[in-house]
Amino acid sequence: MTKKNNFSKSKDENEKRLFNLIGEYIKSNYPFLILLLVGYLCISALNFLRVSTSDSVANYSIADYEIGQIADRTIVASKAFAPDELDPVAIEDGEKIIKKGFPITEEGYAKLKKMSDSPVYIDYRAFANSELFFLVLVIIWYLLFSFLVSERKLKLREPVTQVVCFLIVYSVTAFCRKIGFFNSPYTICILIPGSICVLLITILFGQTSAIIYSIISALGVLCASDWELIPFLYVLFTNLSAYAIIRKIDHRLDLVFASIILAVCNFIFILILTVIFNGQMGEMPKIFLGVIANGFLSGVMTMGLLTPLEYMLNTASVFRLMDLSDTNSPILKTMQIQANGTYNHSMMVSQLAESACREIGANALLARVGGYYHDIGKIEQSEYFVENQFNRENKHNDLNPTLSASIIRSHVKKGVEKAHQLHLPQAVIDIIAEHHGNSVISYFYNQAKDKDPTLNPEDFAYPGTSPTTKESGVVMLADTVEAACKTLDNPTSQRLEKFITMLVNQKVEDKQLDNCGLTYRDVSKIKESFVRLLTGYYHNRIKYQNQQDPDDKK
């Protein structure tokens with residue numbers, strides 16, 4: 001009896017633990033789950049509209065049936081159809097229109113035609129098949145995005161953009177096929193806006209996101225085109241080509257050359273598919289011109305849509321980061337004038353962070369821009385930061401440690417506020433907010449602790465959170481190392497290596513790198529990169545024979 005009670009108790013605890021885990025998962029991911037549901041409902045609505053306006057019966061197009069053909073299936077009318085002036089054929093509810101193994105009569109074909117043309121007849125079999133396909137597709141899509149969550153910090157705007165692009169591509173494919181000229185699997189390829197969507201997603205959200213979308217949208221086209229292979233293969237090939245072409249581009253003007261290359265690729269792909277599937281060559285010249293125009297216009301329209309989308313979605317695209325990396329920007333010029341020491345420090349931090357990110361495979365351009373802007377909060381009260389004092393009296397000498405710590409901490413909050421005013425990308429704002437993590441300002445904390453040992457260290461901690469991305473973690477380490485190494489006497493390569501190792505290990509012990517995804521191997525490469533760069537920065541020079549010390553009297 002006791003064993004039975006223990007087993008029952010253990011079972012209840014496991015069920016409770018399972019429900020708690022499910023509840024926690026839903027609580028932390030509810031925006032994505034809501035998007036999943038809304039996206040599926042939108043696709044289902046479009047799918048229902050597509051099926052209800054199509055000319056299919058029992059999931060087969062009316063073009064698959066002929067008079068005299070031996071039927072390979074039995075089709076039963078799901079409802080009665082009364083005769084009318086345009087079509088005098090009558091159909092009874094439950095009537096067998098055609099029978100498997102028997103030839104299709106003229107009357108049977110006429111009834112099939114009436115069913116497919118009727119606006120009240122809906123091919124629920126075709127609808128159910130498509131719904132099951134989309135259900136599997138949405139689940140795969142969600143699982144792939146779950147992989148992205150483990151790889152980097154995912155914002156809701158990324159899957160929202162993909163869903164909107166998918167709906168556009170699906171709608172164009174499904175409903176433009178009902179237009180006379182575009183009802184063939186070749187001509188519909190002219191209108192499908194697959195490439196432009198891939199170009200935008202690659203630029204705005206990166207390569208992994210673009211690959212996921214390329215595959216998913218091609219599968220959506222497969223369903224929208226009534227399971228025709230030609231549009232599916234064409235969209236898959238052109239999507240992956242657009243991704244491959246755009247991923248190495250750094251400047252907006254390069255999109256013009258990308259457009260030309262994409263137009264050529266479109267022509268090659270449709271030509272290959274025409275040869276493989278024995279397409280009719282009569283309309284091919286029009287189709288070739290159409291897909292070439294599609295490819296070229298995709299690149300040109302991407303150029304036009306990119307800037308407003310960058311600001312609407314606030315993404316750190318490569319083009320926007322390149323614009324922000326211009327050191328002649330007004331905010332960096334202001335920093336150079338009002339906080340010259342901070343400006344020089346930021347330039348060095350950006351070099352360290354960019355070099356380290358390149359070594360570990362992170363976004364080096366984002367790290368460089370994050371290094372430029374991470375201390376913009378120091379501009380307003382630059383004289384309170386030691387790098388801007390230039391042999392002037394330290395203003396903190398007249399302040400108590402608590403007030404001094406408050407001033408130092410405030411530069412993070414002011415930096416985030418200024419970044420929002422400048423409408424910087426969220427990824428850059430995150431670096432500004434996280435570059436000190438929640439570490440304690442030890443210098444002023446130790447001063448205050450000498451007077452009051454009961455002080456809480458949290459009162460002297462920065463208000464931010466620990467870094468959540470690799471780039472943010474690298475900028476934190478670069479900021480710490482660059483500032484501390486300036487205090488090191490005789491900075492030889494060996495001394496720099498030991499000192500940098502000590503500084504980085506301290507951040508690891510303080511758990512500042514726990515949430516940014518950096519591995520021990522990454523940290524080792526980062527240290528090596530810092531040592532190599534700083535050794536070159538602090539290199540020795542030969543003293544000339546006639547060189548005089550400026551402090552020596554003549």
Side-chain angles (χ1 to χ4, degrees), residues 341-375 378 385-388 408 411-412 430-446 461-462 464-541:
T342 299
Y343 175 83
N344 291 322
H345 160 73
S346 298
M347 294 300 107
M348 192 62 197
V349 167
S350 69
Q351 291 181 45
L352 289 168
E354 181 182 17
S355 176
C357 282
R358 194 173 287 114
E359 291 292 327
I360 64 174
N363 190 334
L365 181 57
L366 174 59
R368 188 212 304 177
V369 174
Y372 285 160
Y373 291 86
H374 78 285
D375 270 345
K378 292 182 178 180
F385 298 89
V386 66
E387 68 266 25
N388 299 312
I408 298 298
H411 86 272
V412 174
D430 290 341
I431 290 176
I432 296 171
E434 297 168 358
H435 78 276
H436 282 297
N438 51 15
S439 57
V440 175
I441 306 173
S442 57
Y443 182 85
F444 293 113
Y445 171 66
N446 291 333
Y462 283 100
T465 58
S466 59
T468 54
T469 62
K470 288 186 177 183
E471 295 79 12
S472 186
V474 171
V475 171
M476 168 188 274
L477 295 177
D479 180 46
T480 302
V481 166
E482 199 283 331
C485 284
K486 285 181 177 177
T487 66
L488 186 65
D489 296 327
N490 188 23
T492 62
S493 179
Q494 292 78 10
R495 286 172 59 79
L496 281 168
E497 184 175 0
K498 290 181 181 178
F499 192 47
I500 289 170
T501 300
M502 182 186 70
L503 294 169
V504 172
N505 289 345
Q506 185 61 54
K507 291 295 182 185
V508 174
E509 291 172 7
D510 290 344
K511 301 185 183 300
Q512 295 299 312
L513 304 179
D514 284 3
N515 300 319
C516 64
L518 290 174
T519 64
Y520 284 111
R521 185 177 182 181
D522 291 337
V523 171
S524 178
K525 288 183 178 180
I526 291 167
K527 288 189 290 187
E528 291 174 6
S529 175
F530 287 171
V531 171
R532 184 168 58 251
L533 204 60
L534 289 172
T535 299
Y537 181 73
Y538 291 113
H539 65 279
N540 293 322
R541 288 281 191 175

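The model shown is predicted, which means the values in this text are computed figures rather than measured ones.
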Visitor: So, taking the atom named OG1 in Thr535 and the one named CD1 in Ile500, what distance separates them when rounded to the nearest 0.5 Å?
Guide: 7.0 Å
Visitor: For Met348 and Leu534, run side chain to side chain contact (heavy atoms under 4.5 Å, CB included): C-alpha distance rounded to whole Å, both residues' side-chain angles, the deciding distance at 0.1 Å, then the answer.
Guide: CA-CA 9 Å; Met348 192 62 197; Leu534 289 172; 3.7 Å; yes
Visitor: Which residues pass the side chain to side chain contact (heavy atoms under 4.5 Å, CB included) test with Ala484, not counting sequence neighbours?
Guide: Phe499, Leu503
Visitor: Return the set of residues passing salt bridge (charged side-chain N to carboxylate O under 4.0 Å, His left out) with Lys486 (not counting sequence neighbours), or none when no residue passes.
Guide: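 Partners of Lys486 under the salt bridge (charged side-chain N to carboxylate O under 4.0 Å, His left out) test: Glu482.
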Visitor: Taking side chain to side chain contact (heavy atoms under 4.5 Å, CB included) as the test, write out the residues that go with Glu354, two or more places apart.
Guide: Arg358, Ala364, Arg368
Visitor: Which residues pass the side chain to side chain contact (heavy atoms under 4.5 Å, CB included) test with Asn515, not counting sequence neighbours?
Guide: Ser466
Visitor: Using every non-hydrogen atom in the two residues, find where Leu513 and Cys516 come nearest and quote the distance to one decimal.
Guide: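 Closest approach of Leu513 to Cys516, heavy atoms only: O-SG, 3.4 Å.
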Visitor: Mind checking salt bridge (charged side-chain N to carboxylate O under 4.0 Å, His left out) for Asp375 and listing every partner two or more places apart, or none if nothing turns up?
Guide: Lys378
Visitor: Between Ile526 and Val504, is the side chain to side chain contact (heavy atoms under 4.5 Å, CB included) condition met? List the steps.
Guide: CA-CA 9 Å; Ile526 291 167; Val504 172; 5.7 Å; no
Visitor: Among residues two or more places apart or on two chains, list those pairs meeting side chain to side chain donor-acceptor pair (under 3.5 Å) that have a residue in residues 493-508.
Guide: Gln506-Asp510
Visitor: Taking side chain to side chain donor-acceptor pair (under 3.5 Å) as the definition, give me every residue that meets it alongside Asn446, ordered by chain and number, with sequence neighbours left out.
Guide: none
Visitor: Strictly by salt bridge (charged side-chain N to carboxylate O under 4.0 Å, His left out), give each pair with a member in residues 515-525 just once, sequence neighbours left out.
Guide: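 Pairs touching residues 515-525 that pass the test: Lys470-Asp522.
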Visitor: Would you compute the distance between atom OG1 of Thr469 and atom CG of Leu518 and round it to the nearest 0.5 angstrom?
Guide: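 Interatomic distance, Thr469 OG1 to Leu518 CG, rounded to 0.5 Å: 8.5 Å.
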Visitor: Please find the pair of heavy atoms, one from Ala433 and one from Val412, that lie closest to each other, and give the distance.
Guide: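 Closest heavy-atom pair between Ala433 and Val412: O-CG1, 3.8 Å.
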Visitor: Return each pair, listed once, that meets ring pair (Phe, Tyr, Trp, His ring centres under 6.0 Å) where at least one residue sits in residues 342-374; pairs must be two or more places apart or across chains.
Guide: His345-His374, His374-His435
Visitor: Rounded to the nearest 0.5 Å, what's the gap from CG on Leu533 to CG on Leu352? Could you check?
Guide: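 Spacing of CG (Leu533) from CG (Leu352) equals 5.0 Å.
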Visitor: May I have the step-by-step check of side chain to side chain contact (heavy atoms under 4.5 Å, CB included) for Leu366 and Ile431, ending in yes or no?
Guide: CA-CA 9 Å; Leu366 174 59; Ile431 290 176; 4.2 Å; yes
Visitor: Looking at residues at least two apart in the chain, or sitting in another chain, which of them share a side chain to side chain donor-acceptor pair (under 3.5 Å) with Ser524?
Guide: none
Visitor: My understanding is that only residues two or more places apart in sequence, or in another chain, count here; which of them pass side chain to side chain donor-acceptor pair (under 3.5 Å) with Asn388?
Guide: Thr342
Visitor: With no hydrogens and no angle check, is any side-chain donor or acceptor of Gln512 less than 3.5 Å from a backbone partner on Asn438?
Guide: yes
Visitor: Report the residues that fulfil side chain to side chain contact (heavy atoms under 4.5 Å, CB included) with Ser529, sequence neighbours left out, ordered by chain and then residue number.
Guide: Ser355, Ala356, Glu359, Arg532
Visitor: If I take atom CG from residue Leu496 and atom SG from residue Cys485, how far apart are they, to the nearest 0.5 angstrom?
Guide: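 Going from the CG atom of Leu496 to the SG atom of Cys485 covers 5.0 Å.
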Visitor: Drop me the distance from His436's NE2 to Asp479's CG, to the nearest 0.5 angstrom.
Guide: 5.0 Å
